[in-house]
Amino acid sequence: MSLSIGVRWKSPSLPLLGGGYTKIFSIIYSAIIIYLGILLYLRFGAPVLTDFGSAYTLRAAFNEWLPKGLLTYLFSWSVYVFAIYLLIISKEILFKLIALIFIMMIFSASGNKVYILMLPILLFLHLISVYGFAWLMAPTMAVGVVLAKIIFDLGEVWIPTFVQRFLIMPADIAFRYAEYFREPLLYSYSFLSPFFTYRYDDLPGKLIGKAFYVSGDNATAGFAVDMFTNLGWIGLPILVVFFVALRRVLTPGAHLVLLLPFVIQLIDTPLPTALLTGGGGLMIAGAFLISRHRISRETFCVDIRERCGSSFSGNRHLSVLVRLPGLSAL
């Protein structure tokens, strides 16, 4: 009969997001969105499902009402950081209900369709990360057949809209940016304005919207177009380095679903805006702490004949566990 030793170790150099920390963050995030929900109720009333056609009108009114200062950031992070954390990480049903009610309230007030359309995608990815795709293959195929039938029936409306919104318009906006801005802007209209002079009288998105599109709306660009517009060709290698580094520091797992809002924002949002105003930095920090906690709980088994403990520095906390064949858990 063979015998092996399991060495469980953790490093105190970074905070761990264990069960206690998870509940503390859940309480803090719940308190924040309850406060924001009270502000929304006092101004807009109880949540009512909004017609998608009135989304832009509601968004303009919401942005005009939106308080300035810290509350601006809290409302920006409310769904993408706080509510999504409560839905995915928190285990208490109460916290999940608070998050869902708040999402309905802010959608009813702001008309931001992403808040609602993101939920089924988030649920699907979370189920895949927990149970695996094999268990969800049959229901996924059934939902796909239903969606295909709906799209086929409404093809004259939805297919051209989808192609124009997600294929033609992004490519056209990217071309317009490259045509209009001949020299890198160096973020002189944004956080680097104290260091560089901005030569235009309006923001880049509004300039493109007024110059090339009939509606004159703000023509927002995705993260790659924005990086090229501000930094030129050197911006593209910077993007590659950023995403490679992100992949290196984050371990695969169900917690990566927390980054879904960040990825969705990058479709039509500059990377610095998505990291700061959009809360992407907080999402990455949360996913990193959770992945750090998962690594710290790993059990490493070494043969009993080998000398263990010599490779660990003195600041590690060790506990030696005996594992016998036939035992499934320690």
Side-chain angles (χ1 to χ4, degrees), residues 59 63 66 68-70 72-77 79-81 84 112 114 118 164-213 215-251 256 258-289 291:
R59 192 175 304 174
N63 291 335
L66 191 63
K68 305 302 180 183
L70 178 60
T72 301
Y73 288 93
L74 290 180
F75 272 107
S76 298
W77 303 337
V79 174
Y80 293 148
V81 179
I84 297 303
N112 193 335
V114 176
M118 181 178 59
Q164 180 178 356
R165 178 66 181 85
F166 294 100
L167 297 179
I168 297 177
M169 284 300 296
D172 187 70
I173 290 176
F175 174 78
R176 300 302 182 185
Y177 267 80
E179 181 184 24
Y180 194 90
F181 303 107
R182 296 292 183 175
E183 298 180 1
L185 300 179
L186 302 176
Y187 292 104
S188 55
Y189 58 90
S190 183
F191 59 96
L192 294 181
S193 57
F195 306 98
F196 301 101
T197 302
Y198 187 57
R199 302 185 300 272
Y200 302 93
D201 59 355
D202 210 339
L203 295 176
K206 293 184 178 180
L207 290 173
I208 297 298
K210 294 175 182 177
F212 297 104
Y213 300 103
S215 61
D217 292 332
N218 186 23
T220 55
F223 66 98
V225 176
D226 173 80
M227 191 68 73
F228 177 78
T229 302
N230 284 280
L231 301 180
W233 289 108
I234 195 176
L236 302 182
I238 291 176
L239 280 179
V240 174
V241 171
F242 171 78
F243 286 109
V244 169
L246 191 63
R247 173 62 184 86
R248 294 285 295 176
V249 300
L250 296 178
T251 59
L256 292 186
L258 292 174
L259 299 181
L260 175 64
F262 174 62
V263 175
I264 292 177
Q265 289 183 80
L266 291 179
I267 296 175
D268 60 355
T269 304
L271 180 60
T273 304
L275 286 172
L276 300 176
T277 307
L282 291 176
M283 301 176 211
I284 294 173
F288 174 74
L289 290 176
S291 64

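These numbers were taken from a predicted model, which means no experiment stands behind them. Just so you know, these numbers use all the heavy atoms, side chains as well, and skip hydrogens, waters and symmetry mates.
Among all heavy-atom pairs drawn from A274 and F262, the shortest one is CB-CE1, 3.8 Å. The two atoms that bring A219 and G209 nearest to each other are CB-N, 3.9 Å, heavy atoms only. Across every non-hydrogen atom of R176 and I208, the tightest pair is O-CD1, 3.9 Å. Residues T277 and W77 share a closest heavy-atom pair of O-NE1, 3.1 Å.
In this structure, F223 has its ring center under 6.0 Å from that of F243. Two rings, from Y198 and Y200, have their centers less than 6.0 Å apart.
Put simply, OG on S76 and CG on L282 are 11.0 Å apart, with the number rounded to the nearest 0.5 Å. Once rounded to the nearest 0.5 Å, the distance linking CD1 of I84 with CE of M283 reads 8.5 Å. With values rounded to the nearest 0.5 angstrom, L271 atom CG is found 10.0 Å from I238 atom CD1. Atom CG of residue L203 and atom OG1 of residue T220 lie 12.0 Å apart, to the nearest 0.5 angstrom. For the atom pair L260 CG and Q265 CD, the distance stands at 10.0 Å (nearest 0.5 Å).
In this structure, the side chains of F212 and D172 stay at 4.5 Å or more apart for every pair of heavy atoms. Residues F242 and R247 have side chains not in contact (no heavy-atom distance under 4.5 Å, counting atoms from C-beta outward). Side-chain contact between F196 and Y187: absent, with no pair of heavy atoms (C-beta onward) separated by less than 4.5 Å. Using a 4.5 Å heavy-atom threshold, the side chains of M118 and P261 count as touching. The shortest side-chain heavy-atom distance between I234 and F228 does not fall under the 4.5 Å cut-off.
There is a side-chain donor-acceptor pair under 3.5 Å between Y189 and N230.
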Exercise for review: Starting from the C-alpha separation in whole Å, work towards a yes-or-no answer on side chain to side chain contact (heavy atoms under 4.5 Å, CB included) for Y177 and L185.
Suggested key: CA-CA 11 Å; Y177 267 80; L185 300 179; over 6 Å; no
Exercise for review: Evaluate side chain to side chain contact (heavy atoms under 4.5 Å, CB included) for Y80 paired with I264, printing each intermediate quantity in order.
Suggested key: CA-CA 10 Å; Y80 293 148; I264 292 177; 5.7 Å; no
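Between the side chain of T273 and the backbone N or O of T269, no donor-acceptor pair lies under 3.5 Å.
With T229 as the fixed residue, the side-chain contact (heavy atoms from CB on, under 4.5 Å) test singles out one of D226, L231, V225: V225.
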